[in-house]
Amino acid sequence: MNSIILDPTPEVELVKPIHEVECTIISNEPVNGEYRLLVLDAPLKILDCEPGQFFHLRCPVSDSLQPYLRRPMSIYGYYPEKGELHFLYKVIGEGTSAIATLSAGDSFNVLGPLGRGFDILPNWQNLLLVARGVGLATLAPLALEARRLDRKLTAICSARSENFLLSLEYFKELGVNVIPLTDEAGTSSTENMHSIIEGLIADEGIDAIYTCGSNRILKLLQTVGKVHNIPGQIALEQQMACGIGMCQCCVRAFSRNGGIVNERVCREGPVFDLQEAIGC
């Protein structure tokens, strides 16, 4: 097992070590028609994580599947008390197809935890989480942290249909107020979502907003945040090669102080200020 420690930089202060370890797969099973849950038996040293961080996963190679690079994957759950690390993923390419072939008892190489996670400031008591599809995987650890800090959390969960809504029971078990929206039911439009959010603001107020992924949701939440002066954060997804900021593969543009700055999603993120994010 190797440990890689990055020196702090003026832009991002990294004080926790990054580890490359061999984990053992506990299970790797479908949770619905599109997504699978990967559960790893993991050493305690890699479970000192923050909501919103990710790991770089080494995909297995076979005669039919030969992914070359590691795949970045957001943490779905980390449980030091059980020694478990969870990932929720969709099989969409060669890398995730290769991961889907792994079975209980197989060895699996992971590198992490990586990146900057979500913040929950002391005065943020009423939190709003908004995500669509697998974006909920990135935000799931935030619900666990909100419960630990005794904060109120509402989760607006959007998907194509009820069959593809993820983590609803998990969120409810953590005391989250869950609002499911689907294309199938005609409830997932940004107009309806906007109306729901305005109602939450009017009823009890929202101190912070969190999201992941969708450009249309990003634009909506940026508008709401500006109108009501509500801070927020977004976890961004991006193609990566190294995962530690060296290759510059994941650079994106952000709006800051009246100008445009370029930052690495893997190193300065993947969590960024909601108002600074620019949709792709």
Side-chain angles (χ1 to χ4, degrees), residues 23 25-40 42 46-47 49-57 59 70-79 84-93 95-97 99-100 102 108 110 112-118 127-147 153-174 176 178-182 188 209-215 217-218 221 233-240 243 265-266 269-272:
C23 296
I25 293 178
I26 296 174
S27 62
N28 186 18
E29 302 293 337
V31 296
N32 61 24
E34 287 194 336
Y35 298 98
R36 299 178 68 94
L37 177 62
L38 174 65
V39 179
L40 304 179
I46 70 168
L47 296 175
C49 304
E50 299 174 0
Q53 288 188 298
F54 69 99
F55 277 77
H56 226 196
L57 311 182
C59 307
R70 288 177 180 264
R71 295 299 190 270
M73 194 171 291
S74 60
I75 302 166
Y76 183 60
Y78 52 96
Y79 305 95
E84 291 183 6
L85 181 63
H86 296 191
F87 298 98
L88 187 69
Y89 67 101
K90 182 178 180 180
V91 180
I92 54 175
T96 47
S97 294
I99 293 173
L102 295 169
F108 191 50
V110 303
L114 298 168
R116 172 180 177 269
F118 290 108
L127 313 177
L128 175 64
L129 177 160
V130 185
R132 181 171 171 87
V134 78
L136 290 166
T138 302
L139 296 169
L142 191 63
L144 193 64
E145 183 69 2
R147 185 181 72 166
L153 177 63
T154 297
I156 298 178
C157 306
S158 175
R160 295 201 312 271
S161 69
E162 187 175 346
N163 292 333
F164 297 122
L165 283 168
L166 299 168
S167 308
L168 299 194
E169 292 305 317
Y170 176 70
F171 284 144
K172 290 176 182 177
E173 289 172 2
L174 293 174
V176 176
V178 178
I179 302 175
L181 306 176
T182 66
S188 63
I209 301 171
Y210 303 89
T211 190
C212 176
S214 168
N215 281 331
I217 292 178
L218 167 62
L221 297 181
Q233 295 183 324
I234 182 170
L236 295 175
E237 298 177 346
Q238 195 76 0
Q239 289 185 337
M240 298 177 188
V265 171
C266 74
V271 175
F272 293 90

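When every heavy atom of Leu88 is checked against every heavy atom of Val31, the shortest pair comes out as CD1-CG2, 3.9 Å. Closest of all the heavy-atom pairs between Pro141 and Tyr78 is CB-CE2, 3.9 Å. Between Pro51 and Leu142 the shortest heavy-atom distance is CB-N, 3.7 Å. Pairing each heavy atom of Leu181 with each of Leu165, the nearest pair is O-CD2, 3.9 Å. In terms of heavy atoms, Leu139 sits closest to Ala131 at CD1-CB, 3.3 Å. Nearest approach of Leu47 to Ala42, heavy atoms of both residues: CD1-O, 3.9 Å.
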Audit row: Tyr210, Leu127, side chain to side chain contact (heavy atoms under 4.5 Å, CB included) steps and yes/no
CA-CA 8 Å; Tyr210 303 89; Leu127 313 177; 4.1 Å; yes

Pair His86-Glu84, side chain to side chain contact (heavy atoms under 4.5 Å, CB included): steps then yes or no
CA-CA 7 Å; His86 296 191; Glu84 291 183 6; 2.8 Å; yes

Taking it one step at a time, do Phe55 and Cys49 satisfy side chain to side chain contact (heavy atoms under 4.5 Å, CB included)?
CA-CA 10 Å; Phe55 277 77; Cys49 304; 4.1 Å; yes

Working note: Glu237 + Cys212, criterion side chain to side chain contact (heavy atoms under 4.5 Å, CB included); need CA distance, chi angles, decisive distance, verdict.
CA-CA 8 Å; Glu237 298 177 346; Cys212 176; 4.3 Å; yes

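Looking only at side-chain heavy atoms (C-beta outward), Gln239 and Arg71 stay at 4.5 Å or farther from each other. Contact of the Leu85 side chain with the Tyr79 side chain is not registered, since no non-hydrogen atoms from C-beta on lie closer than 4.5 Å. Between Arg70 and Leu57, the closest side-chain pair of non-hydrogen atoms is not below 4.5 Å. Looking at Arg36 and Val91, their side chains come closer than 4.5 Å, going by heavy atoms from C-beta outward. Thr96 is not listed as a side-chain neighbour of Lys90, based on a closest heavy-atom distance of 4.5 Å or more. Looking only at side-chain heavy atoms (C-beta outward), Pro113 and Phe54 stay at 4.5 Å or farther from each other. Considering only heavy atoms from C-beta on, Tyr89 comes within 4.5 Å of Met73 through its side chain. With a 4.5 Å cut-off on side-chain heavy atoms, Leu136 and Phe171 count as touching.
Counted by atom type alone, Tyr76 and Ser167 present one or more donor-acceptor pairs between their side chains at under 3.5 Å.
Here the straight-line distance linking atom CG of Leu102 with atom CD1 of Ile25 works out to 4.0 Å at 0.5 Å rounding. The structure places CD of Glu29 at 9.0 Å from CG of Leu37, a figure rounded to the nearest 0.5 Å. Distance CD1/Ile75 to CG/Leu144: 12.0 Å, rounded to 0.5 Å. Cys59 contributes atom SG, which lies 6.0 Å from atom CZ of Phe108 (distance to the nearest 0.5 angstrom). The line from CG of Leu128 to CG of Leu153 is 8.0 Å long, rounded to the nearest 0.5 Å.
Listed for the Ser214 side chain is no donor-acceptor partner under 3.5 Å among the backbone atoms of Arg132. Within the 3.5 Å criterion, the main-chain N or O of Val271 finds a donor-acceptor partner in the side chain of Arg116. A donor-acceptor pair is defined here as one N or O able to donate and one able to accept, closer than 3.5 Å; such a pair exists between the side chain of Gln53 and the backbone of Glu50. A donor-acceptor pair is defined here as one N or O able to donate and one able to accept, closer than 3.5 Å; such a pair exists between the side chain of Asn28 and the backbone of Ile99.
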